[in-house]
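Step one of this worksheet: look at the structure below.
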Amino acid sequence: MANAEVGDDWYGDDPTVNLLQARAAELTGKEAAIYLPTGTMCNQVALHAYVRSGHRAVCEATAHVGRTEVSSAATLSGVAFHYLTAPDRGLLLGEQVATALAPDPDDVAVVDLVSIENTHQVGGGSVMSIAGVRDIAAVCADAGVPLYLDGARIFNACAVAEVAVADYARAVSSMMFCLSKGLGAPIGSVLAGDREFIAEARRLKILFGGAWRQAGIMAAAGLIALEEGPARLPEDHANARSLAEGVAELLPESTDPDAMETNIVFIDVSGTGRGAGEWRQMLAAEGLLVTILGGRIRMLTHVGIGPDEIQAALTAWRRAAKAVATIPSR
Ligand SMILES: Cc1ncc(COP(=O)(O)O)c(C=O)c1O
């Protein structure tokens, strides 16, 4: 990072950013790619490019793009969502998407985009297979609607499905992935697609205030993340599974380690008679910071979290369980 050659990305003349974008295009097999500060900005740029204000995007009911980012999509682009509830861990099916893409008999609701998420965060880091993505792609192609992949953690999916990222990319119109999160860069995400789409994405990146100077300092870390990150992900998956197994020993029924595929562990503490907020407080007092999502406790593994850290986390859980037992229930 210290030695990165830099320029002004507004003008497209930061050589390290350009190198990262070329590498991302090559890896995904797409014509072009663009480096953006966050995964959210990739999603928002894609929504703005595809979906006309007042039209809809189809997504899974708990997808990041449609829930966490719902106000961004409304504010920046006037996008409404058609939510579909997946039968299994957030993984949409082609037949569900087909129903959502059937023409509105009243000619009012118009769908401009289908968005899928792989791995699916709220689904517990679940992996959509290539066959599953292709089913949805076929339905979208029949309806003439583009298919976008929120692949914030697509490399985690690739590690489990044992396929190249280009295999997933080939099935969709465009996609994004995060260089931060599991791949280990401190910042940055990439949007990839055909040349025309990326040219529009560049315009929107500038419009949304995302053109950055000397971004090559960060892009240099992104290049290392792409080089070294993917091969390391199975370690994260094994560590996440140990963490789930340890918590399941302590709190049976709170999580299913056998359902764990990647690096996201959800713990459902509802059976303990204590709220997730109380558990979070007790865990924080033991030095373990967790988030709460949809009423469940969420933990993720990534670079820098090894077996020792997993053991430390489990010690915190055991101590917190003792402390929780002493609080009078409300
Ligand atoms: C599936 C998914 N998409 C998009 C994002 C947004 O990425 P960022 O936090 O870089 O904006 C996240 C963040 O957790 C995510 O889990």
Side-chain angles (χ1 to χ4, degrees), residues 20 24 33-48 57-73 75-77 79 81 83-84 86 89-92 113-128 133 147-160 165 168-169 172 174-192 201 204-205 208-210 212 215 218-219 221-222 225-226 229 233 236 240 261-266 289-294 296-303 305:
L20 173 66
I34 188 156
Y35 182 45
L36 291 163
T38 64
T40 299
M41 196 182 275
C42 289
N43 287 345
Q44 293 307 314
V45 163
L47 284 173
H48 198 91
V58 169
C59 70
E60 200 279 325
T62 59
H64 198 279
V65 71
R67 288 293 184 199
T68 315
E69 300 175 37
V70 65
S71 301
S72 305
T75 307
L76 298 171
S77 311
V79 172
F81 289 96
Y83 297 114
L84 297 170
R89 296 169 300 140
L91 304 174
L92 284 180
L113 182 71
V114 172
S115 179
I116 52 175
E117 184 174 310
N118 197 13
T119 64
H120 195 290
Q121 190 200 183
V122 176
S126 51
V127 177
M128 188 181 279
V133 175
L147 176 61
Y148 172 69
L149 168 62
D150 173 348
R153 299 181 185 82
I154 193 65
F155 286 93
N156 296 82
C158 291
V160 172
V165 70
Y168 279 118
V172 299
S174 61
M175 65 172 290
M176 75 87 156
F177 61 82
C178 294
L179 295 157
S180 61
K181 306 192 170 61
L183 294 188
I187 195 171
S189 296
V190 178
L191 185 60
L204 293 170
K205 166 181 172 169
F208 287 169
W212 36 357
M218 305 314 299
L226 273 184
L233 294 176
D236 289 350
E261 288 185 286
T262 57
N263 68 330
I264 305 181
V265 183
F266 276 103
L289 301 180
V290 299
T291 47
I292 299 174
L293 197 61
R296 294 178 297 165
I297 288 176
R298 188 193 75 150
M299 299 178 288
L300 288 92
T301 54
H302 49 76
V303 65
I305 304 287

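Counting convention: from 1, in listed order, for ligands and their atoms alike.
With V172 as the fixed residue, the side chain to side chain contact (heavy atoms under 4.5 Å, CB included) test singles out one of L149, N118, V114: L149.
Checked against ring pair (Phe, Tyr, Trp, His ring centres under 6.0 Å), H302 has no partners two or more places apart in sequence or in another chain. Taking the salt bridge (charged side-chain N to carboxylate O under 4.0 Å, His left out) definition, one finds that R296 meets it with nothing, sequence neighbours left out. F177 meets the ring pair (Phe, Tyr, Trp, His ring centres under 6.0 Å) test with F155; sequence neighbours excluded.
Here the side chains of L47 and V65 are in contact, with some heavy-atom distance below 4.5 Å.
One distance of note links CD1 of I264 with CD of Q121; it measures 5.0 Å at 0.5 Å rounding.
Within 4.0 Å of ligand 1, contacts by protein heavy atoms are made from T38, G39, T40, N43, H64, E69, E117, Q121, D150, A152, R153, M176, K181.
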